[in-house]
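Letters A, B, ... mirror the listed sequences (proteins, then strands); counts begin at 1. Computed from heavy atoms alone, side chains included, the values below leave out hydrogens, waters and symmetry copies.
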There are 2 protein chains.
Amino acid sequence: MDGLVGKITAELLKKNIKPSYQRIKIMEYLIEKNNHPTVEMIYNHLVKEIPTLSKTTVYNTLNLFIEKGLVRPLTIEDNEARYDTIISNHGHFKCQSCGEIYDFPVEIDDFVPDKLQGFEIADKNVYFKGLCPKCISS
Amino acid sequence: MDGLVGKITAELLKKNIKPSYQRIKIMEYLIEKNNHPTVEMIYNHLVKEIPTLSKTTVYNTLNLFIEKGLVRPLTIEDNEARYDTIISNHGHFKCQSCGEIYDFPVEIDDFVPDKLQGFEIADKNVYFKGLCPKCISS
DNA sequence: CTATGTATTTGTAGTGATTACAATTTTATT
DNA sequence: AATAAAATTGTAATCACTACAAATACATAG
């Protein structure tokens with residue numbers, strides 16, 4: 001029926017994560033929405049389907065996913081953390097007016113500077129801020 | 001005597017900021033240390049010289065500097081904000097072991113992608129994580 | 001030089017995201 | 001079914017940060 005759930009299950013098992021209902025649903029949300037959600041957004045959406053869901057579970061699960069390298073926290077200076085599934089190199093643009101976050105492709109590997117010889121780089125982030133076209137034209 | 005204080009005073013006046021003792025001291029700390037400090041670090045250091053200093057003042061002052069474009073918050077996913085004086089394009093590398101933050105030069109302007117045509121980019125951040133040479137060799 | 005108004009600083013109390021922890025529930029194994 | 005292990009849940013605590021009002025320092029007019 002639902003191929004996505006199957007894929008998620010396999011992905012979790014590969015990382016030694018027991019594919020519980022909550023974990024699958026949270027990962028499913030991240031992949032389907034692909035909207036850089038806050039914990040609040042994830043919780044509010046899923047609690048409709050899983051009335052017993054606890055916010056703590058959302059936190060626990062996201063931290064587990066981060067630890068296992070399935071998800072990474074977005075580095076944006078708001079007071080709320082946001083989360084992203086790990087895909088190939090891309091940066092994030094946040095509109096300072098509407099708050100929307102856009103992905104854009106970026107060849108991050110191209111510009112590792114000489115100064116970082118001898119450093120072991122585990123994670124690279126590129127993050128721009130400004131105004132999106134919608135907000136400029138309104 | 002102290003040319004730096006003079007420069008800071010002029011810089012603040014240029015931005016229509018009254019150069020109070022606390023404001024000068026905070027800016028002086030940022031420039032001299034150049035260590036991407038947290039509010040805690042700034043407060044703990046300056047309270048020795050200014051015993052009446054309030055943490056609220058540090059927050060207020062940093063927010064004022066950010067508003068006026070003298071300082072920018074570092075975008076690092078810790079729970080504590082860090083601050084940086086505004087210089088030319090550079091990225092930040094945070095060692096996941098010792099927590100030290102290193103600057104490195106980066107030509108950020110070179111890789112603004114096509115997808116962001118029509119966007120107005122106000123601020124660009126590049127942020128890497130990993131291990132620094134010291135921690136690798138120990 | 002003093003009086004009055006304005007800006008700055010300060011301290012306390014509050015907010016809100018995140019975590020610690022213990023209890024409950026679910027899942028796996030014998 | 002019985003027991004052990006893991007996952008989920010709810011509550012309470014923590015901690016960075018902010019709101020707000022009182023106190024202080026500063027500036028300007030008379």
Side-chain angles (χ1 to χ4, degrees), chain A residues 5 8-9 11-13 15-29 36-68 70-84 99 101, chain B residues 8-9 12-13 15-29 36-68 70-84 99 101:
Chain A
V5 171
I8 292 170
T9 304
E11 200 64 35
L12 295 183
L13 285 171
K15 297 277 186 176
N16 288 316
I17 299 172
K18 202 171 291 183
S20 74
Y21 184 57
Q22 287 87 340
R23 286 168 178 172
I24 290 173
K25 279 295 176 188
I26 290 171
M27 181 55 85
E28 194 181 25
Y29 180 92
H36 317 90
T38 62
V39 166
E40 206 64 24
M41 288 161 72
I42 299 170
Y43 175 79
N44 286 338
H45 185 264
L46 290 183
V47 78
K48 295 175 203 157
E49 288 180 77
I50 316 169
T52 66
L53 183 65
S54 164
K55 222 175 268 185
T56 304
T57 299
V58 181
Y59 278 106
N60 288 343
T61 302
L62 288 170
N63 286 336
L64 178 68
F65 287 170
I66 290 168
E67 210 175 288
K68 298 289 187 175
L70 291 172
V71 164
R72 67 171 181 177
L74 287 203
T75 289
I76 292 189
E77 85 279 5
D78 280 342
N79 44 346
E80 276 187 319
R82 290 170 173 275
Y83 301 88
D84 198 6
I101 294 174
Chain B
I8 291 171
T9 304
L12 294 183
L13 285 172
K15 297 279 186 176
N16 288 317
I17 299 171
K18 202 170 290 181
S20 74
Y21 184 57
Q22 288 87 340
R23 286 169 178 171
I24 290 173
K25 278 295 174 189
I26 290 171
M27 182 54 85
E28 193 181 26
Y29 179 94
H36 316 89
T38 62
V39 166
E40 205 65 23
M41 288 161 71
I42 299 170
Y43 175 79
N44 286 339
H45 185 263
L46 291 182
V47 78
K48 295 174 203 158
E49 290 180 78
I50 316 169
T52 65
L53 183 65
S54 163
K55 222 175 269 187
T56 303
T57 299
V58 181
Y59 279 107
N60 288 342
T61 302
L62 288 170
N63 286 335
L64 177 67
F65 287 169
I66 290 168
E67 210 175 288
K68 298 289 188 175
L70 290 173
V71 164
R72 68 169 181 181
L74 287 203
T75 289
I76 293 189
E77 86 277 6
D78 280 341
N79 43 348
E80 276 187 319
R82 289 171 173 273
Y83 301 88
D84 198 5
I101 293 174

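Rounded to an integer number of Å, the gap from CD of A:Q22 to C1' of C:dT26 is 9 Å. Between A:Y59 atom OH and D:dT8 atom P the separation is 17 Å, expressed in whole Å. Rounded to an integer number of Å, the gap from B:Y43 OH to C:dG11 P is 7 Å. Across the protein-nucleic acid pair, A:R82 atom CZ and C:dT18 atom P stand 11 Å apart, rounded to whole Å. In this structure, B:I17 atom CD1 and C:dA7 atom C1' are separated by 14 Å, rounded to whole Å.
The A:S54 side chain lies nearest to D:dG10 when the options are D:dT18, C:dT9, D:dG10.
Within 4.0 Å (heavy atoms only), B:T56 reaches at least one base atom of the nucleic acid. Within 4.0 Å (heavy atoms only), B:T38 reaches no atom of the nucleic acid at all. Residue A:N63 is in sugar-phosphate contact alone, with no base atom involved, counting any heavy-atom pair closer than 4.0 Å across all strands shown. As judged by a 4.0 angstrom heavy-atom cut-off over every strand, A:K55 is placed among residues making no nucleic acid contact.
Counting heavy atoms from C-beta outward, A:F65 and A:L12 have side chains that approach closer than 4.5 Å.
The backbone N or O of B:H36 sits less than 3.5 Å from a side-chain atom of B:R82, completing a donor-acceptor pair.
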